[in-house]
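Reading through the structure tokens given below for one structure.
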Amino acid sequence: MAEKFRNLLYADRIDSPIGTLLIISDGAQLCALDYRGYDHRMNAFLAARYGEYRLTDADDPGGASSAVRAYLAGDIRALDAVAVDAGGTPFQARVWAELRRIPAGTTITYGELARRLGQPSASRAVGHANSLNPVAIVVPCHRVIGADATLTGYAGGLDRKRWLLQHEGVQLRESQPPRSDG
């Protein structure tokens with residue numbers, strides 16, 4: 001008799017203008033979304049969270065794939081209703097929940113995000129939590145920019161961050177040349 005796998009997760013793949021997206025659901029909620037080529041990062045996250053797990057292919061698990069496709073097709077608010085369970089530490093969960101409150105088509109700084117969390121001196125900790133977000137796009141860490149209104153790090157790469165923000169209608173400020181203190 002085959003043993004039933006305790007941590008069975010459902011995976012779907014979507015081709016997009018920014019590469020293939022891998023969507024992972026527990027059947028009810030979105031657990032992870034990342035870019036093809038970052039499998040090592042996603043596998044490490046899933047193993048840390050679930051221990052031993054098994055992925056099985058599924059079409060549109062929990063409706064997440066349909067919502068992502070709608071977003072990519074121009075409905076920039078289609079992701080708002082996607083149920084997410086990203087796990088994480090209590091601090092990370094607070095940061096990720098606050099990220100979901102940033103409206104599509106807008107950006108905020110790491111400092112502003114820290115202030116919204118009631119921890120105005122924690123912008124670096126906020127940035128670190130942002131970098132560990134396992135649910136790209138749906139938990140919109142791409143909407144957080146530098147204090148000078150320029151693009152800063154994004155685990156999926158700055159080209160993808162730029163595309164996502166432009167897709168949402170954000171007018172980007174290009175990086176400033178280094179300042180001369182002389």
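What you see is a predicted model, and the numbers here were worked out from it, not measured in a lab.
- To the nearest 0.5 Å, the span separating CG on D34 from CG on L46 amounts to 9.5 Å.
- In terms of heavy-atom proximity, R115 sits nearest to P120 at CG-CB, 3.7 Å.
- Taking all atoms of both residues into account, the shortest heavy-atom contact from P61 to I23 is CG-CG2, 4.5 Å.
- One distance of note links CG of L22 with CG of L33; it measures 7.5 Å at 0.5 Å rounding.
- Rounded to the nearest 0.5 angstrom, R94 CZ and Q119 CD are separated by 5.0 Å.
- In this structure R116 satisfies the side chain to side chain contact (heavy atoms under 4.5 Å, CB included) test together with E98, I102, I108, E112, sequence neighbours excluded.
- By the 4.5 Å heavy-atom criterion applied to side chains, Y35 and T20 are not counted as neighbours.
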- Evaluate side chain to side chain donor-acceptor pair (under 3.5 Å) for Y71 paired with D80, printing each intermediate quantity in order. CA-CA 10 Å; Y71 168 84; D80 294 349; over 6 Å; no

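- A donor-acceptor contact shorter than 3.5 Å is absent between the side chain of N133 and the backbone of S131.
- Between A67 and L79, the shortest heavy-atom distance links the atoms O-CD2, 3.6 Å.
- By the 4.5 Å heavy-atom criterion applied to side chains, R143 and L99 are not counted as neighbours.
- Taking both residues in full, the closest heavy atoms of W96 and G87 are given as CZ3-O, 3.4 Å, listed atom of the first, atom of the second, then distance.
- Here NZ of K161 is found 4.0 Å from OG1 of T152. Values are rounded to the nearest 0.5 Å.
- You'll find the side chain of E52 stays beyond 4.5 Å of the side chain of N7, heavy atoms only.
- For D26 against L9, the heavy-atom pair with the smallest separation is CA-CD2, 3.9 Å.
- At a threshold of 4.5 Å between non-hydrogen side-chain atoms, the residues R49 and D85 count as touching.
- Once rounded to the nearest 0.5 Å, the distance linking CG of L21 with CZ of R13 reads 11.5 Å.
- In this structure, R162 and Y154 have side chains that are not in contact, with every pair of non-hydrogen atoms separated by 4.5 Å or more.
- Contact of the V126 side chain with the V144 side chain is not registered, since no non-hydrogen atoms from C-beta on lie closer than 4.5 Å.
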- Task: Please report the C-alpha distance between V82 and V135 in whole Å, then the side-chain angles of each, then the deciding distance to 0.1 Å, and finally whether the side chain to side chain contact (heavy atoms under 4.5 Å, CB included) criterion is met.
- Result: CA-CA 11 Å; V82 174; V135 186; over 6 Å; no

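- Across D12 and S65, no two heavy atoms sit closer than the pair OD2-OG, 2.6 Å.
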- Given L151 and I145, is the side chain to side chain contact (heavy atoms under 4.5 Å, CB included) satisfied, shown in steps? CA-CA 5 Å; L151 295 185; I145 59 173; 4.2 Å; yes

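- A distance of 9.5 Å separates OG in S25 from CG in D60, rounded to the nearest 0.5 Å.
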